[in-house]
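Proteins come first, then strands; the chains are lettered A, B, ... in the order of their sequence lines, and each starts at number 1.
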Amino acid sequence: MGKDFITRRAFLGSVKSSVGKSIIVLSSSAIVAACRDSKFARAAGEAFVNLNETEASEFDAIAGRILPSTTSPGAKEAGVVYFIDNVLDDSRSAEFDVLKKGLQELRASASQKFNSPNFFSLNEAQQDSLLRQAESTAFFSTMRYLVIAGMFALPEYGGNKDSVGYDLMGFDDRHSWLSPYGYYDADYLEKGE
Amino acid sequence: MAELKSISFSTREEVDFVVIGSGSAGGIIAKELATAGHSVVVLEQGPYLQASDFKHDEWGYEHNYDLTWSARKGNVQTFRKNENEEAEPREAVLRYAHNVGGSSVHYSGNFWRLRPIDFNEASVRGTIPGTNFVDWPITYEDLEPYYTKVDWEIGVSGLQGPWDPYRSRDYPCPPMPIKGSDVLLERAAKSLGLNPYPAPVAILSAPHNGRPGCIHCGYCNGYGCEVNAKSSSMVAMIPLALASGNCELRTMATVSRINTNDGGRVNEVVYFDSNGVEQAQKTRAAVVCANGAETPRLLLMSSSNIFPDGLANSSGSVGQNLMFNGYSSVTGLFDEPVNAWKSIPATRVVHDFYELDPSLGFYGGGGIDGRHPSAGTPLKFALGAHDLFGGPNWGGEFKDSLAFQFSHCAAFDGHTTSLPLSSNNVTLDPVYKDSFGRPAIRCTYMDHPDDLSTMKWFKDKSIELMEAAGAARISGSYPESGQSGNVHLLGTCRMGSDPANSVINAGHRAHDVPNLFTCDGSSLVTSSRGQPTMTIMALAFRAADLINEAARRNEI
């Protein structure tokens, strides 16, 4: 990368300096993307970068209901909350704002209905009932988007730990395959069609 | 990223050609002009990435726009359905890759040639009131040698099909191995008396021109090839252009204006360099290959006293006649694993409906191929699966449905025509600007009623095919309320014989400016049947031949 990498950073810097002319404010995301590599990969239990402790606990609990742990690992085992923590930087501040506001309302409902300040300490049925109520909100759709993304994005973004998301789908992120790829093409080749 | 080892020119030194854009057309034209001995500067707004830079990174490419030019990178675009609406800023409307090789790096590589009928369909079928549907100024015979050049120099795999037009030479590589999704399509199509055949693709099935064959990793559509088996202009042309010793490739160079002298001839190209500093390259001629969105924007931004409505725009056609191609998608679920997420997007195509029967009452045509409904990528599938077959979109049942559906689905996709309309266009947004201070691209687009009818027809036909294939469940759709963006950016500086309603002549030379040429998706007169890049590349080889000939006669 060396030489061109510097060039790209310099370019992005120049874009940023002229951002006043633009209605869309350029974030640091492109720069982050440029030097991402595997810096996001973290072990469970490590400190969060963008989320506070309450947000981390609550988002982890919500993620666990959107893609629950069943006979196969769910969002919790995939470390989806670490993915969410990683991607909610300046470039996704609008989404983060939606989540913060929605979380406040969700916690208020938990308090009101089940007399608990925390969503994460409710039982699964209680949690599901509150989420069902929020289904049509921007909060829920943003949460769902990020949970699914965290389950199926490359593990280097912090979620999809040990590729449990890929395993769930029956997907295997290999670099090469040989024909036949599935049942029908194997059958086709066998019959000499 | 690649080291750039080549000749370098001073901006004050007048070069023979500045080529703006290094994509499907620009990469070819740069190579052809430079190897003919001309001094060439290529200005490319993106970086020079290499196979080793590409990853199976769905979140990065599809959700952070790492490979594409988007609002997130300071390049806002606006969209509206018609001129009475206020255009709203969007993340990405007219989407293309920003890197050396342009969108040929991240395309699917479906390389259908046009057929003779595409060039004179308006004469054969009749014009359509309210549209700018006309014949091309060239024929299939004019372009055939250049299609063959694309086959061999860029690298195409395939097998001559029963409906294919004449070709002067066979494909260099045999067809790709069939996928399960296409076995289902082929069997269904045959049961209905149709003629499925191997899809021609710009992906090598076997080593060719020093590049390896495909390893079937499944990441084509939206991704850069990690082994250079995909035939982009980046891997097939740019190295040859640089090796000529006559071509300088300037990356991260964003063009803002083409200047002309008092005589109305191009004399310099103004751009922001990689440090954001404005530069002006002196040149004897310019070839604009910036794509169907950026080429018209650049010409419109280059207005002057001599060219008050934009450079080369006396016809008012610059930016008009934008065509996206239509599409439909029908997904079926099958009992056994299809695993359509492996290997290239499509390996069979049904072209029996290239021209729909005029008695249907609308104009249109296209092809159907077999695919995975989410380009084989897991995140896109998980986000959209609920829209296909309903059911809960979160919780344990949702999770189980993903586990089954991803591997057990196949999609039959329709790829269809779009009609050229003045009202579908690229203009300069009066309010929004990009990070360089250039007016944002404003896209105005609404599919013609015939285009929508064609998409619906292909959806219905694909459902019939899916039923014949024995799918347990079927879900089909097309953009019923019109498209709001696309990756096919066609027709916006069309070629034609009449300077009153076209921008360039049959030789790609601007009617109004003798030393200005344009070649890319904007040159197309009609839309193709949904796979335009093969034709863009053939046009580029032909344009370069004609420009080289003109240069030999000292007629630039």
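Using a 4.5 Å cut-off between heavy atoms, Ile178(B) contacts chain A through both its backbone and its side chain. Looking at Asn393(B), both its backbone and its side chain come within 4.5 Å of chain A, counting heavy atoms on both sides. With a 4.5 Å cut-off on non-hydrogen atoms, Tyr145(A) touches chain B through its backbone and its side chain both. For chain B, no part of Asn160(A) is nearby; none of its heavy atoms comes within less than 4.5 Å. Both the backbone and the side chain of Phe334(B) come within less than 4.5 Å of a heavy atom of chain A. Interface remark: Ser179(A) contributes side-chain atoms only to the contact with chain B (heavy atom separation under 4.5 Å). Asp187(A) touches chain B through backbone and side chain together, each having a heavy atom under 4.5 Å away. Looking at His408(B), neither its backbone nor its side chain comes within 4.5 Å of chain A, counting heavy atoms on both sides. Only the backbone of Arg174(A) comes within less than 4.5 Å of a heavy atom of chain B; no side-chain atom from C-beta onward does. Neither the backbone nor the side chain of Glu62(B) comes within less than 4.5 Å of any heavy atom of chain A. In this structure, chain B has a heavy atom under 4.5 Å from the side chain of Leu154(A), while its backbone stays farther away.
Judged as a side-chain hydrogen bond (donor to acceptor under 3.5 Å, both in side chains), the pairs with a partner in residues 95-104 of chain A (not counting sequence neighbours) are, in order, Arg92(A)-Glu95(A), Lys101(A)-Glu105(A).
Between the side chains of Tyr188(A) and Glu186(B), at least one donor N or O sits under 3.5 Å from an acceptor N or O. A donor-acceptor pair shorter than 3.5 Å can be found between the side chains of Ser70(B) and Glu91(B). Looking at Asp57(B) and Tyr157(A), their side chains do bring a donor and an acceptor atom within 3.5 Å of each other. A donor-acceptor contact closer than 3.5 angstrom is absent between the side chains of Thr254(B) and Gln45(B). A donor-acceptor contact under 3.5 angstrom links the side chains of Arg250(B) and Tyr271(B), judged on distance only.
Your options are Asp172(A), Val147(A), Leu168(A), and the one with the most heavy-atom pairs under 4.5 Å with chain B is Leu168(A). Between chain A and the residues His216(B), Gln405(B), Lys399(B), the most heavy-atom pairs under 4.5 angstrom are made by Lys399(B). Of the listed residues (Ile215(B), Asn339(B), Leu184(B)), the one with the most heavy-atom contacts under 4.5 Å to chain A is Ile215(B). Chain A forms more heavy-atom pairs under 4.5 Å with one residue of Lys179(B), Met176(B), Arg187(B) than with any other, namely Arg187(B). For the set His63(B), Glu58(B), Lys380(B), the count of heavy-atom pairs under 4.5 angstrom toward chain A peaks at His63(B). Put simply, of Gly396(B), Ala382(B), Ser407(B), the one with the most heavy-atom pairs under 4.5 Å next to chain A is Ala382(B). Ranking Gly170(A), Gly64(A), Gly165(A), Gly74(A) against chain B, the residue ahead of the rest is Gly170(A), based on heavy-atom pairs under 4.5 Å.
Applying the side-chain contact (heavy atoms from CB on, under 4.5 Å) rule to Glu77(A) yields the partners Ser69(A), Pro73(A); only residues at least two apart in sequence or on another chain are considered. Under the rule for a side-chain contact (heavy atoms from CB on, under 4.5 Å), the partners of Glu226(B) that lie at least two apart in sequence or sit in another chain are His175(A), Phe54(B), His56(B).
Seen from the ring of Phe398(B), Arg144(A) counts as a face-on cation partner, given the 6.0 Å and 45° thresholds.
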Let me see the working for Trp59(B) and Phe152(A) under ring pair (Phe, Tyr, Trp, His ring centres under 6.0 Å), right down to the final yes or no.
CA-CA 9 Å; Trp59(B) 176 253; Phe152(A) 301 109; over 10 Å; no

Evaluate the criterion side-chain hydrogen bond (donor to acceptor under 3.5 Å, both in side chains) for residue pair Tyr181(A) and Ser343(B); output intermediate values, then yes/no.
CA-CA 8 Å; Tyr181(A) 314 109; Ser343(B) 195; 3.3 Å; yes

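Applying a 4.5 Å heavy-atom cutoff, the residues of residues 108-131 of chain A that approach chain B are Asp128(A), Leu131(A).
Annotation for Glu397(B): atom CD does not count as buried by contact number, only 12 or fewer foreign heavy atoms lying within 6.0 Å.
Side-chain atoms of Asp182(B) come within 3.5 Å of backbone atoms of Gly370(B) as a donor-acceptor pair (strictly under, hydrogens ignored).
At a threshold of 4.0 Å, the pair Lys76(A)-Asp60(A) counts as salt-bridged, since one of the basic side-chain nitrogens sits closer than that to a carboxylate oxygen.
Not less than 6.0 angstrom separates the ring centroid of Phe381(B) from the ring centroid of Trp341(B).
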